[in-house]
Amino acid sequence: SAIYSRSPDRAQAIAEEHAIPHAFSSIDDLVNSEAVDLVSVVGPTHERHSAVLKACEAGKHVLSEKPMALNAQQAQEMQDKARAM
C-alpha cells in the first residue's frame with residue numbers, strides 16, 4: 001500500500017495515521033515504485049489525465065475517479081493508453 005499527496009508532510013501524516021507503509025509526494029516516484037501494483041486516481045479532475053497516463057506508462061493497473069478527464073479527447077487518450085498495456 002502507498003499514499004500520494006503533493007505535500008510530503010501530508011502524505012507522511014496520512015501514511016502514519018492509517019499504517020500505510022509508503023508515502024510519496026511525487027507521482028513519478030509512486031508509479032515507479034515496486035511496492036505499487038495499482039494506482040487509484042482520486043485527485044482533482046484536471047490532474048487525472050497526466051496521472052493515469054504516467055501510471056499506464058509504468059505498467060500499473062489504474063482506477064480513475066469520475067469524471068475521469070476534462071474532455072472526451074483526454075478520456076480517449078487515457079483509454080487507448082490503458083488498452084495498449
Side-chain angles (χ1 to χ4, degrees):
S1 296
I3 183 109
Y4 161 79
S5 174
R6 290 179 299 255
S7 163
D9 293 336
R10 180 167 165 77
Q12 190 61 45
I14 293 169
E16 289 174 8
E17 180 180 348
H18 297 285
I20 299 170
H22 304 283
F24 296 95
S25 59
S26 161
I27 192 71
D28 293 316
D29 291 344
L30 172 81
V31 301
N32 290 308
S33 171
E34 294 284 327
V36 175
D37 296 321
L38 177 137
V39 177
S40 179
V41 180
V42 295
T45 306
H46 69 274
E47 293 180 1
R48 294 184 194 147
H49 177 256
S50 174
V52 167
L53 294 182
K54 287 179 180 189
C56 288
E57 289 166 2
K60 307 298 183 187
H61 297 283
V62 180
L63 297 173
S64 182
E65 186 176 38
K66 296 188 307 183
M68 66 185 265
L70 293 175
N71 56 54
Q73 181 180 352
Q74 282 187 348
Q76 187 64 56
E77 184 179 5
M78 294 158 75
Q79 184 177 358
D80 292 345
K81 182 68 78 172
R83 286 190 172 153
M85 291 177 48

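Along the sequence shown, residues are numbered consecutively beginning with 1. Atom set for the values below is all heavy atoms of this structure, side chains included, hydrogens, waters and symmetry mates excluded.
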Under 3.5 Å, which donor-acceptor pairs link side chains of residues 23-32 to any protein atom two or more places apart or in another chain?
residue : atom : partner : partner atom : Å
Ser26   : OG   : Asp28   : N            : 3.3
Ser26   : OG   : Asp29   : N            : 3.1
Asp28   : OD1  : Lys54   : NZ           : 3.4
Asn32   : ND2  : Asp28   : O            : 2.8

Distance (rounded to the nearest 0.5 Å) between Glu17 CD and Ile14 CD1
7.5 Å
Which residues pass the side-chain contact (heavy atoms from CB on, under 4.5 Å) test with His61, sequence neighbours left out?
Leu38
When every non-hydrogen atom of Val41 is compared with those of Arg48, the smallest separation belongs to CG1-CG, 3.6 Å
Check: Val52 and Lys81 side chains under 4.5 Å, non-hydrogen atoms
no
Over all heavy atoms of both residues, which pair between His22 and Ala35 is shortest? Give the atoms and the distance, please.
NE2-CB, 3.4 Å
Smallest heavy-atom separation, Val62 atom then Ala55 atom, equals CG2-CB, 3.5 Å
Which atom names give the shortest non-hydrogen contact between Met78 and Ala69, and what distance separates them?
SD-CB, 3.8 Å
Testing the basics here: between Arg6 and Pro8, what is the closest heavy-atom pair and its distance to 0.1 Å?
O-CD, 3.5 Å
Rounding to 0.5 Å, atoms SG (Cys56) and CD (Gln79) come to a distance of 10.5 Å
Are Leu53 and Tyr4 connected into the same hydrophobic cluster when the rule is that any two of I, L, V, M, F, W, Y join if their side-chain heavy atoms are below 4.5 Å apart?
yes
CD (Gln12) and OG (Ser7) are apart, to the nearest 0.5 Å, by 10.5 Å
Side chains of Glu77 and Gln73: is there a donor and an acceptor less than 3.5 Å apart?
no
Closest heavy-atom pair, Ala15 versus Ile3, reported as atoms and distance to 0.1 Å, is CB-CG2, 3.9 Å
Nearest-0.5 Å distance, OG of residue Ser50 to CD of residue Gln74
9.5 Å
